[in-house]
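Computed from a predicted structure; not experimentally measured.
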Amino acid sequence: MADQVDGTALDEVVTFTSDLIRIDTTNRGGGDCQERPAAEYAAARLAGAGIEPTLLERAKGRTNVVARIEGTDPSAGALLLHGHLDVVPAAAADWSVHPFSGEIRDGVVWGRGAVDMKNMDAMILAVVHGWARQGVRPRRDIVIAFTADEEDSAEDGAGFLADQHPALFEGCTEGISESGAFTFHDGDGRQIYPIAAGERGTAWLKLTARGRAGHGSKVNRDNAVTRLAGAIARIGAHEWPLRLTPTVRAALTELAALYGIETDLTDVDALLEKLGPAARLVEPTLRNSANPTMLDAGYKINVIPGEAVAHVDGRYMPGGEEEFRSTLDRLTGPDVDWEFHHREVALESPVDSVTFAGMRAAIEEFAPEGSVVPFCMSGGTDAKQFSRLGITGYGFTPLKLPDGYDYAAMFHGVDERVPVEALHFGVRVLDRFLRTA
């Protein structure tokens with residue numbers, strides 16, 4: 001199939017990305033964010049393409065946008081395209097350019113959200129604008145959702161939409177969103193395009209140790225800080241056992257074939273060593289994990305507090321939640337309580353589906369030198385919330401990236417940016433996939 005994207009759509013994706021970056025939608029957590037200006041911008045662009053948007057809020061200013069494009073085949077399951085509008089904080093003093101400038105310089109769009117994930121929001125808008133000019137209708141219904149609050153709990157975003165407005169997603173069987181179909185350079189000339197077909201579950205934990213408050217100079221065998229420190233040390237040092245899910249097995253199998261290596265899953269460590277840098281695509285998703293991230297105890301140096309608190313970023317593999325819970329019970333011990341601060345499910349999506357094949361074909365058409373493989377995300381996306389509606393999620397935000405561009409470092413990092421050519425590639429691939437899905 002020839003490239004059917006018009007030049008205007010290629011210009012628009014750059015403009016839309018830059019414009020969205022300039023709208024500061026910093027999500028500091030705890031409800032401190034206003035996505036409405038970006039939602040109104042996206043809604044206006046949809047309306048400009050002849051698509052009627054619906055704006056929805058659970059809390060004032062935390063705005064979501066949902067719209068539907070009717071397909072030509074009413075019997076086909078609908079496809080959900082979703083992207084979040086919020087971004088994580090950025091300290092301007094640390095950046096080469098202002099993080100909310102949306103500056104376009106030397107063929108690169110700079111700013112917070114350039115990769116996570118206002119680029120994908122802009123790709124969706126550019127594709128539907130191109131369709132409006134060309135009179136294109138997809139085979140399947142396409143539901144578009146621009147969400148709030150993904151960078152925190154998603155309670156004001158995808159969670160709110162899934163729980164309170166499920167009718168808007170009627171008929172949706174599959175969805176695509178962020179963190180997949182980007183170029184991974186292996187350092188040996190190979191270009192790999194990993195498409196996400198799974199996510200580890202989210203288990204953000206609050207740990208609380210209680211003890212006997214007292215004077216800092218006295219003997220105290222019921223010190224809450226000591227109890228908490230012991231639990232945190234055990235959690236940080238724990239070696240989680242290997243847990244191979246179907247998606248990870250498929251990733252290892254396809255990577256081994258690409259490198260001409262025998263797939264020996266009885267010795268995964270040896271296999272990873274043979275894969276070299278490409279092992280980074282699977283290493284974070286071989287096991288559950290739990291990383292201590294925050295500590296809070298005491299108010300004066302000579303006072304032993306009666307309580308100490310810590311937070312842990314836990315992630316568990318599909319099928320690994322019970323193992324995660326029982327291990328935390330053991331590692332925290334009898335003197336430290338733990339609870340979920342935030343919990344979301346793990347996801348597993350089929351890699352032998354027609355939809356996955358369609359994504360693979362779209363990448364291969366515009367990057368024939370590349371190799372597509374499935375992978376599991378170490379983190380999570382709004383696909384977790386939409387899975388409550390029975391929607392199978394994939395990570396598919398296509399970007400053709402130059403060698404030396406550290407894609408992973410762009411997520412929540414300093415000097416986040418995306419090449420203009422990567423956006424053009426993304427529009428072409430997304431257009432190709434959606435026309436044929």
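Between the side chain of R428 and the backbone N or O of Q4 there is no donor-acceptor pair closer than 3.5 Å. Judged by distance alone, with hydrogens and angles left aside, the side-chain atoms of R140 form a donor-acceptor pair with the main-chain N or O of G77 at under 3.5 Å. Checking side-chain atoms of N288 against main-chain N and O of M317 turns up a donor-acceptor pair under 3.5 Å. With hydrogens and angles ignored, the 3.5 Å screen pairs a side-chain donor or acceptor of D415 with a backbone N or O of S96. A side-chain donor-acceptor contact under 3.5 Å links R112 to the backbone of V88. Of the possible polar contacts, one joining the S353 side chain to the F356 backbone as a donor-acceptor pair under 3.5 Å is found. Under a 3.5 Å cut-off, the side chain of H185 and the backbone N or O of L401 do form a donor-acceptor pair. Without hydrogens or angle criteria, N64 side chain to D156 main chain gives a donor-acceptor distance under 3.5 Å. Checked by atom type and distance alone, the side chain of S349 pairs as donor or acceptor with a backbone atom of G393 at under 3.5 Å. Checked by atom type and distance alone, the side chain of E416 pairs as donor or acceptor with a backbone atom of A114 at under 3.5 Å.
Using cut-offs of 30° and 60° on the angle between ring planes, the pair F324 and W240 is parallel.
Taking the charged nitrogens against the carboxylate oxygens, E321 and R343 do have a contact shorter than 4.0 Å, which makes a salt bridge. D431 has a carboxylate O that lies under 4.0 Å from a charged side-chain N of R435, or vice versa, which qualifies the two as a salt bridge. With respect to the salt-bridge test (charged N to carboxylate O, under 4.0 angstrom), the residues E103 and R417 do not qualify. A salt bridge links E199 to K384: at least one charged side-chain nitrogen sits closer than 4.0 Å to a carboxylate oxygen. Using a cutoff of 4.0 Å between basic side-chain nitrogens and carboxylate oxygens, E323 and R243 are scored as salt-bridged.
For T15, the side-chain hydrogen bond (donor to acceptor under 3.5 Å, both in side chains) criterion is met by no residue, not counting sequence neighbours. Remark: R22 pairs with S18, D19 by the side-chain hydrogen bond (donor to acceptor under 3.5 Å, both in side chains) rule, at least two apart or across chains. Partners of Y41 by ring pair (Phe, Tyr, Trp, His ring centres under 6.0 Å), not counting sequence neighbours: none found. Applying the side chain to side chain contact (heavy atoms under 4.5 Å, CB included) test to L244 and every residue at least two apart in sequence or in another chain returns L242, V248, R249, L252, L265, V268, L286. Qualifying salt bridge (charged side-chain N to carboxylate O under 4.0 Å, His left out) partners for D149, counting only residues two or more places apart in sequence or in other chains: R62. Every residue two or more places apart in sequence or in another chain was checked for a side chain to side chain contact (heavy atoms under 4.5 Å, CB included) with D106, and none qualifies. Not counting sequence neighbours, the partners of H129 by the ring pair (Phe, Tyr, Trp, His ring centres under 6.0 Å) test are F16.
Nearest heavy atoms, V336 versus A231: CG2-CB, 4.0 Å. Nearest heavy-atom pair, F375 versus P194, reported as atom, atom and distance to 0.1 Å: CD2-CB, 3.5 Å. Residue I195 comes nearest to G395 through the heavy atom pair CG2-O, 3.6 Å, listed as atom of the first residue, atom of the second, then distance.
A donor atom on one side chain and an acceptor atom on the other are found under 3.5 Å apart for T147 and D382. Counting only N and O atoms by type, the side chains of Q385 and E344 include a donor and acceptor under 3.5 Å apart. Checked by atom type, the side-chain pair Y394/T355 shows no donor-acceptor distance below 3.5 Å. Counting only N and O atoms by type, the side chains of T183 and Q191 include no donor and acceptor under 3.5 Å apart.
Listed by first then second residue, pairs satisfying ring-ring contact (aromatic ring centres under 6.0 Å, His included) with a partner in residues 243-286 number zero, not counting sequence neighbours. Sequence neighbours left out, the pairs with a member in residues 120-139 that pass salt bridge (charged side-chain N to carboxylate O under 4.0 Å, His left out) are D6-R133, E12-R133, D73-R139. Sorted by first and then second residue, the ring-ring contact (aromatic ring centres under 6.0 Å, His included) pairs with a member in residues 65-120 read H82-F386; sequence neighbours excluded. Counting only residues at least two apart or in different chains, salt bridge (charged side-chain N to carboxylate O under 4.0 Å, His left out) contacts with residues 254-271 comprise E254-R360.
Side-chain contact check for T332 versus D337: every heavy-atom pair is 4.5 Å or farther apart. Side chains of T26 and D86 form no contact here, defined as non-hydrogen atoms less than 4.5 Å apart. The shortest distance between side-chain heavy atoms of W204 and F340 does not fall below 4.5 Å. You'll find the side chain of L207 reaches within 4.5 Å of the side chain of L228, heavy atoms only. Counting only heavy atoms from C-beta outward, the side chains of P419 and Y405 approach each other to under 4.5 Å. Contact of the L434 side chain with the L79 side chain is registered, since non-hydrogen atoms from C-beta on lie closer than 4.5 Å. At a threshold of 4.5 Å between non-hydrogen side-chain atoms, the residues I192 and V372 do not count as touching. T208 is not listed as a side-chain neighbour of W338, based on a closest heavy-atom distance of 4.5 Å or more.
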Going through the checks in order, is the side-chain contact (heavy atoms from CB on, under 4.5 Å) test met by I69 and I144?
-> CA-CA 8 Å; I69 303 172; I144 298 169; 4.1 Å; yes
Verify side-chain contact (heavy atoms from CB on, under 4.5 Å) between T54 and V65, making sure each step is shown before the conclusion.
-> CA-CA 6 Å; T54 300; V65 183; over 6 Å; no
Do R432 and E365 pass the salt bridge (charged side-chain N to carboxylate O under 4.0 Å, His left out) test, and can you show the C-alpha distance, the side-chain angles, and the key distance before you say yes or no?
-> CA-CA 9 Å; R432 161 69 163 80; E365 178 172 334; 2.4 Å; yes
Stepwise side-chain contact (heavy atoms from CB on, under 4.5 Å) test for C376 and E348 = CA-CA 8 Å; C376 180; E348 188 84 32; 5.8 Å; no
Verdict with supporting geometry, R200 and S289, side chain to side chain donor-acceptor pair (under 3.5 Å) = CA-CA 10 Å; R200 292 199 299 174; S289 67; 3.1 Å; yes
side-chain contact (heavy atoms from CB on, under 4.5 Å) between Y193 and K400, worked out | CA-CA 9 Å; Y193 287 84; K400 185 172 180 57; 3.4 Å; yes
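Rounded to the nearest 0.5 Å, atoms CG (L328) and CZ (R234) are 11.0 Å apart.
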With a cut-off of 3.5 Å and sequence neighbours excluded, list every side-chain donor-acceptor pair involving residues 158-167.
residue	atom	partner	partner atom	Å
D163	OD1	R388	NH1	3.0
D163	OD2	R388	NH1	2.9

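In Q134, the CD atom is crowded: over 12 heavy atoms of neighbouring residues, nucleotides or ligands sit closer than 6.0 Å. Crowding of E170 atom CD: a count of heavy atoms from other residues, nucleotides or ligands under 6.0 Å not exceeding 12. For E339, the CD atom counts as densely surrounded, since its 6.0 Å shell holds more than 12 non-hydrogen atoms of other residues, nucleotides or ligands.
Within the 6.0 Å centre-distance limit, the rings of F396 and F433 are counted as a close aromatic pair.
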